[in-house]
Amino acid sequence: MGLFLLDYGAGNVQSLANSLTKLGHSFQWISSPTDFQKATSLIFPGVGAFETAVENLTKKGLLEPLKEYVQSGKPYFGICIGMQILFQASEESPNFHGLGVVPTTIDRFDDSAKTVPHMGWNSADLVQSSDVEPAFYYFVHSYCAKYCPADRPDAASWAYTTTQYGGEIFISSVRRGNVFGTQFHPEKSGAAGLALIDNWLRTPEAERSASKPESLCSPPTLSLKPRDNLSKRIIACMDVRSDDDGNLIVTKGDQYDVREKVPSGHSMRVKTGGAVRNLGKPVTLASKYYAAGADEICLLNITSFRHSPLQDQPMLAVVRAAAECVFVPLTIGGGIKDTIDPDKTKRSALEVASEYFRAGADKVSIGSDAVYAAEKLLGSGQKHGDGTSSIETIAHTYGRQAVVVSIDPRRVYVDPTTYDGPHQDELILGSLDSAFESDRGRSWWYACTVSGGRETRSISVCQLARAVETLGAGEILVNSIDRDGTGLGFDSDLLRLIKGCVKVPVVASSGAGRKEHFLDVFEQTGVEAALAAGIFHRGEVDIGEVKECLAQHDIKVRTHIA
Ligand code: 1PR
């Protein structure tokens with residue numbers, strides 16, 4: 001008897017498990033249909049695609065018992081897909097039915113004028129008491145239950161909170177009788193999310209069970225204050241690799257060169273080739289940045305191109321340990337590709353990603369493999385992929401919001417008067433009075449690279465961005481080899497270019513040297529998030545200072561972190 005968690009084998013359920021452990025709640029997993037009878041509280045942390053959830057639950061014989069459990073009146077808490085499954089169906093997977101408890105459908109966000117998925121921290125406004133200061137939670141979804149009290153009053157009467165995103169108001173949580181469901185991820189929403197889970201669990205089970213009909217929700221208030229509070233995200237990134245003694249450390253490069261500079265012979269010149277720069281331990285830093293208010297944490301295994309068998313993958317242990325102390329989204333990159341273990345076992349990119357999700361990652365970031373997949377798509381002349389790439393297989397199983405593509409572009413300088421190559425429409429003409437010496441009067445396009453910048457390909461950043469969006473990437477992380485570690489500021493030309501060709505969220509990376517650089521990048525490019533490494537590792541700027549600077553300039557940020 002007690003609290004049970006439902007896991008249908010796809011998605012990051014580890015985050016919720018870690019949150020419960022941190023809060024001191026013990027739990028068991030539903031492993032067979034009969035476990036539902038033992039449960040006196042049930043949490044279903046559904047991550048991924050609606051279809052995958054329904055299909056897997058059906059295959060495991062858990063869908064009907066889940067429905068019976070919800071109807072039995074015992075306390076139920078569904079998160080994300082765990083909330084959506086309460087509805088009749090989803091536009092995401094028209095051939096699959098939900099439990100039909102809430103009488104309406106889940107529909108796609110209108111992406112004609114906004115980025116989809118809706119990804120990041122937004123507020124959940126209580127329907128019944130709009131004067132309560134709303135809390136910020138982490139959302140990541142492309143489909144939602146639209147809040148339409150006039151057209152769908154029955155469904156609207158389930159709304160406990162609503163959230164606005166780009167002109168659309170949707171139901172961000174439902175509550176009635178024994179049923180509670182959140183579209184957002186409380187297990188990834190820092191202290192506010194942990195408090196919400198804890199409050200639900202500490203409320204006596206009798207109070208969370210189905211109550212009498214007269215105590216169900218009253219009709220919703222129609223006077224909603226329209227406010228879209230989606231915040232710009234600040235991401236702390238750790239480039240992880242082994243030092244020369246084999247210890248996993250956080251390092252930081254200058255234009256991707258992570259070795260200390262050493263004197264060159266008898267001259268005063270320096271060259272690289274010293275020890276790998278050591279800026280700290282990955283889990284210690286991750287935990288520090290979480291406490292400092294980072295909206296997301298990113299861990300990149302930067303030498304995965306060499307050899308990255310899944311067996312004995314040390315990054316898995318790092319992810320597990322980081323996920324135990326970080327309750328905001330965790331992205332893991334490096335080595336997400338088909339691999340072969342030392343015992344010759346083949347591991348698909350999907351299997352590799354699954355291991356990271358099980359360890360506690362919320363998103364995986366794909367670098368080199370995304371370039372190869374985009375090249376294949378472009379070479380095929382087809383409009384869609386063949387379903388076999390890492391992006392497609394992982395997005396199909398875990399949802400596209402779990403797939404980040406990390407681009408490592410490098411500028412290729414050309415003479416615009418003679419350049420007749422294929423990337424004319426992406427040429428940037430640097431102005432003569434640019435603040436950057438490297439830009440003055442020069443022209444360039446951005447080429448993609450693989451293997452951590454070691455190999456430059458002929459595919460451009462826009463070709464890559466469009467192709468990976470088609471294949472199913474949910475977010476694009478845009479590094480810049482030219483700006484990495486320079487502290488000169490983000491490459492706004494590059495970011496504007498990519499923002500202009502995709503609908504998915506774009507994360508700016510590389511070059512942050514001052515807090516004002518974050519302001520510049522948000523104001524000049526419209527990116528959804530900005531990532532930095534060096535300035536945070538060296539303690540030059542604190543995440544709180546960055547957010548304060550942004551807030552002073554009316555850029556929405558999540559400031560209440562405790
Ligand atoms: O190709 O799928 O195995 O992924 C490899 C991943 O490792 C890619 O995401 C790639 O960007 C990353 N990577 C590979 N080599 C390096 C390197 O530095 N030698 N790091 C590397 C990429 C870029 C950012 C960095 C920002 C911010 N580093 O992660 O943190 O540039 O730095 P700054 O704020 O100090 O300027 P695959």
Side-chain angles (χ1 to χ4, degrees), residues 234-242 249-259 272 276-277 279 282 285 289 294 296-309 313 315 331-339 349 352-353 356 363-374 389-391 394 403-410 448-455 457 461 464 468 473 475-491 494-495 507-515 517-518 521 529-541 543 546:
I234 302 300
I235 304 175
C237 180
M238 280 147 282
D239 291 354
V240 180
R241 61 162 286 168
S242 302
I249 55 162
V250 173
T251 189
K252 185 66 215 75
D254 288 331
Q255 301 183 318
Y256 285 34
D257 183 350
V258 298
R259 290 196 174 265
T272 62
V276 175
R277 277 191 207 129
L279 289 147
L285 285 181
Y289 297 140
E296 286 185 35
I297 302 288
C298 183
L299 289 161
L300 298 177
N301 175 0
I302 66 167
T303 47
S304 55
F305 65 91
R306 287 190 185 141
H307 181 55
S308 51
Q313 175 54 262
M315 274 298 275
T331 300
I332 310 303
I336 309 296
K337 59 182 177 187
D338 295 347
T339 58
V352 175
Y356 282 113
K363 310 186 212 179
V364 291
S365 155
I366 308 176
S368 308
D369 212 44
V371 177
Y372 302 134
S389 68
S390 49
I391 300 174
I394 300 169
V403 182
V404 182
V405 164
S406 166
I407 313 186
D408 298 310
R410 165 178 282 131
C448 295
T449 66
V450 292
S451 302
R454 284 163 185 80
E455 191 189 327
R457 313 287 288 191
V461 283
L464 179 84
V468 299
E475 187 171 51
I476 299 184
L477 165 60
V478 185
N479 303 293
S480 156
I481 297 180
D482 307 278
R483 289 290 167 85
D484 174 56
T486 62
L488 291 171
F490 297 94
D491 189 337
L494 167 64
L495 292 156
V507 180
S509 164
S510 306
R514 292 185 278 119
K515 58 186 180 189
H517 287 153
F518 292 85
V521 78
L531 170 153
I535 48 166
F536 296 149
H537 301 336
R538 294 186 297 267
E540 291 161 10
V541 175
I543 292 170
V546 171

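First listed ligand is number 1; within each ligand, the first listed atom is number 1.
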Counting N and O atoms only, with roles assigned by atom type, does the side chain of [X] sit under 3.5 Å from a partner on the main chain of [Y], one being a donor and the other an acceptor?
{"X": "H537", "Y": "G534", "value": "no"}
{"X": "Q255", "Y": "D482", "value": "yes"}
{"X": "S451", "Y": "R454", "value": "no"}
{"X": "R410", "Y": "G453", "value": "yes"}
{"X": "S510", "Y": "S480", "value": "yes"}

Which option wins on minimum heavy-atom distance to [atom]: [options]?
{"atom": "atom 2 (O) of ligand 1", "options": "C298, G367, S509", "value": "G367"}
{"atom": "atom 8 (C) of ligand 1", "options": "S368, S406, S480", "value": "S406"}
{"atom": "atom 14 (C) of ligand 1", "options": "G511, G513, G452", "value": "G452"}

Could you tell me which atoms of ligand 1, counted from 1 in the order shown, lie closer than 4.0 angstrom to a heavy atom of [X]?
{"X": "G534", "result": "33 (P), 34 (O), 35 (O)"}
{"X": "G334", "result": "3 (O), 4 (O), 5 (C), 37 (P)"}
{"X": "L300", "result": "9 (O), 29 (O)"}
{"X": "N479", "result": "11 (O), 23 (C), 24 (C), 29 (O)"}
{"X": "G335", "result": "2 (O), 3 (O), 37 (P)"}
{"X": "D408", "result": "8 (C), 10 (C), 11 (O)"}
{"X": "A532", "result": "34 (O)"}

Q: Output, in order, the C-alpha distance, side-chain angles, deciding distance and verdict of side-chain hydrogen bond (donor to acceptor under 3.5 Å, both in side chains) for D239 and T251.
A: CA-CA 6 Å; D239 291 354; T251 189; over 6 Å; no
Flag [X] as yes when one of its N or O atoms lies below 3.5 Å from any N or O atom of ligand 1, and as no otherwise.
{"X": "D484", "value": "yes"}
{"X": "D239", "value": "yes"}
{"X": "S510", "value": "yes"}
{"X": "S365", "value": "no"}
{"X": "A533", "value": "yes"}
{"X": "A512", "value": "no"}
{"X": "T486", "value": "no"}
{"X": "G485", "value": "yes"}

Q | Stepwise side-chain hydrogen bond (donor to acceptor under 3.5 Å, both in side chains) check, N479 with S406 | A | CA-CA 7 Å; N479 303 293; S406 166; 3.0 Å; yes
What's the spacing between [X] [atom1] and [Y] [atom2] if we round to 0.5 Å?
{"X": "I543", "Y": "F536", "atom1": "CD1", "atom2": "CZ", "result": "4.5 Å"}
{"X": "M238", "Y": "N301", "atom1": "CE", "atom2": "CG", "result": "13.5 Å"}
{"X": "D408", "Y": "L477", "atom1": "CG", "atom2": "CG", "result": "8.0 Å"}

Q) Under 30°, 30 to 60°, or over 60°: which ring-plane class applies to F490 and F518, parallel, tilted or perpendicular? A)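 Geometry flag for F518 against F490: perpendicular rings.
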Q) Do the charged groups of D254 and R277 touch, with an N to O distance under 4.0 Å? A)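 Result for this pair is yes, salt bridge flagged.
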Please work out, at 4.0 Å between heavy atoms, whether the side chain, the backbone, both, or neither of [X] comes within that distance of ligand 1.
{"X": "I302", "result": "both"}
{"X": "K337", "result": "neither"}
{"X": "C237", "result": "side chain"}

Q) How close do S365 and T331 get, heavy atom to heavy atom, and via which atoms? A)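 Heavy atoms only, the tightest pair is CB-CG2, 3.9 Å.
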